[in-house]
Amino acid sequence: MAMAPIPTPDVLWRKPPVLALAALPGTALGRLGEPSTASPAAWAAAGAAARVLHDAPLPPWPGRSLDELAAHLDRECELLVTNGVLPADLVTRNRRVAEAALRPWTPVFTHGDLQVSHVFVDGDEITGVIDWSEASQGDALFDLAILTLGHEEHLGDVVAGYGADVDLDVIRAWWSLRSLLAVRWLVEHGFDPSSPGCEVDVLRSGM
């Protein structure tokens, strides 16, 4: 968090593996599976914050390699079908969509889990971003995809705030890839990815 050039919570105390953070003013930008009440300007501000982060010097630790990511996706798709977690045609279709994300990218400083519930806003301003445990060098479009996962209607605002050309097909590919990788973990940990607006609906929207 200390390396990030965007607002983050104050650290109250740290005793590994526990980190106590001060509360952030405002509310989360949204929740997966629920309509966001945040303004278009707040979504644009989130995009602008992502751009500031991506323009910052790289952190010293790398993220997952392209080969590691592709292998993980292959394993997960096989398990989803073999274990009957998702229909084979849904997995196959989204695996094809996900291919567009599996291309070389120029590494940037990524948050790694920039979901809407991790971005706090007060009015139209970003007050802080939490949960930096997956921050690393990575693909800028992954952050933008996670930010807009399940909130496609706000993608235009985020891209406008980001202020750079964005390949929307790659964003959609990351939506499919991220959802495919998350479904089984969510089920095994007591979450319901088939709730309205959540990961399974994201996968179905690509059909």
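- No option in Asn94, Leu180, Leu203, Leu181 other than Leu180 meets the side chain to side chain contact (heavy atoms under 4.5 Å, CB included) test with Leu80.
- To the nearest 0.5 Å, atoms CD (Glu76) and CG (Leu86) are separated by 9.5 Å.
- Checking each of Trp105, Phe109, Tyr162 against His54 for a ring-ring contact (aromatic ring centres under 6.0 Å, His included) leaves exactly one that passes, namely Tyr162.
- Between the side chain of Asp139 and the main chain of Leu141, a donor-acceptor pair closer than 3.5 Å is present.
- If you take CD on Glu199 and CG on Leu186, they are separated by 5.0 Å, rounding to the nearest 0.5 Å.
- Interatomic distance, Leu90 CG to Ser179 OG, rounded to the nearest 0.5 Å: 9.5 Å.
- Between Val121 and Ala42 the shortest heavy-atom distance is CG1-CB, 4.3 Å.
- In Glu153, the CD atom is crowded: over 12 heavy atoms of neighbouring residues, nucleotides or ligands sit closer than 6.0 Å.
- Gly197 approaches Leu32 most closely through the heavy-atom pair O-CD1, 3.6 Å.
- For the pair Arg51 (side chain) and Gly163 (backbone), a donor-acceptor distance under 3.5 Å is present.
- Side-chain contact between Ser133 and Asp131 is present, with at least one heavy-atom pair separated by less than 4.5 Å.
- Considering only heavy atoms from C-beta on, Pro60 comes within 4.5 Å of Met3 through its side chain.
- Residues Thr92 and Arg96 are in side-chain contact: their nearest non-hydrogen atoms beyond the backbone lie under 4.5 Å apart.
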Q: Would you check, one step at a time, whether the test side chain to side chain donor-acceptor pair (under 3.5 Å) holds for Thr148 with Trp175?
A: CA-CA 9 Å; Thr148 54; Trp175 287 341; 3.3 Å; yes
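- No donor-acceptor pair closer than 3.5 Å links the side chain of Ser176 to the backbone N or O of Val97.
- In summary, the aromatic rings of Trp43 and His151 are positioned with their centroids under 6.0 Å apart.
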(Q) Evaluate Asp89 against Arg93 for salt bridge (charged side-chain N to carboxylate O under 4.0 Å, His left out), listing each step before the verdict. (A) CA-CA 6 Å; Asp89 61 338; Arg93 166 60 180 162; over 6 Å; no
**Q.** Residues Asp167, Arg172; criterion salt bridge (charged side-chain N to carboxylate O under 4.0 Å, His left out); working and verdict
**A.** CA-CA 9 Å; Asp167 189 330; Arg172 295 186 180 96; over 6 Å; no
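- Side-chain atoms of Ser205 come within 3.5 Å of backbone atoms of Val202 as a donor-acceptor pair (strictly under, hydrogens ignored).
- The 12-atom threshold is not exceeded at CD of Glu78, counting heavy atoms of other residues, nucleotides or ligands nearer than 6.0 Å.
- The shortest non-hydrogen separation linking Gly47 to Leu147 is N-CD2, 4.5 Å.
- Contact annotation: the side chain of Ser36 never approaches that of Val116 to less than 4.5 Å [non-hydrogen atoms, C-beta and beyond].
- Using modelled atom types, one side-chain atom of His111 and one backbone atom of Leu114 make a donor-acceptor pair closer than 3.5 Å.
- In this model, a donor atom of one side chain and an acceptor atom of the other lie less than 3.5 Å apart for Ser39 and Asp124.
- Side-chain atoms of Thr110 never come within 3.5 Å of backbone atoms of Ala140 as a donor-acceptor pair (strictly under, hydrogens ignored).
- Scanning all heavy atoms of the two residues, the minimum distance from Ala50 to Leu144 falls at CB-CD2, 3.9 Å.
- Across all non-hydrogen atoms, the minimal contact from Ile130 to Pro9 is CG2-CG, 3.6 Å.
- At most 12 non-hydrogen atoms from other residues, nucleotides or ligands lie less than 6.0 angstrom from CG of Asp10.
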Q: Dump the intermediate steps for side-chain contact (heavy atoms from CB on, under 4.5 Å) on Leu21 and Val11, then the final yes or no.
A: CA-CA 5 Å; Leu21 303 175; Val11 177; 3.9 Å; yes
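- For Asp192 and Ser194, the side-chain atoms include at least one donor-acceptor pair closer than 3.5 Å.
- Summarising the geometry, atom CZ belonging to Arg31 is positioned 9.0 Å from atom CD belonging to Gln115; distances are rounded to the nearest 0.5 Å.
- To the nearest 0.5 Å, atoms CG (Leu149) and CG (Leu155) are separated by 11.5 Å.
- The two residues Ala4 and Trp132 have their closest heavy-atom pair at CB-CH2, 3.5 Å.
- If you take CG on Asp143 and CH2 on Trp174, they are separated by 10.0 Å, rounding to the nearest 0.5 Å.
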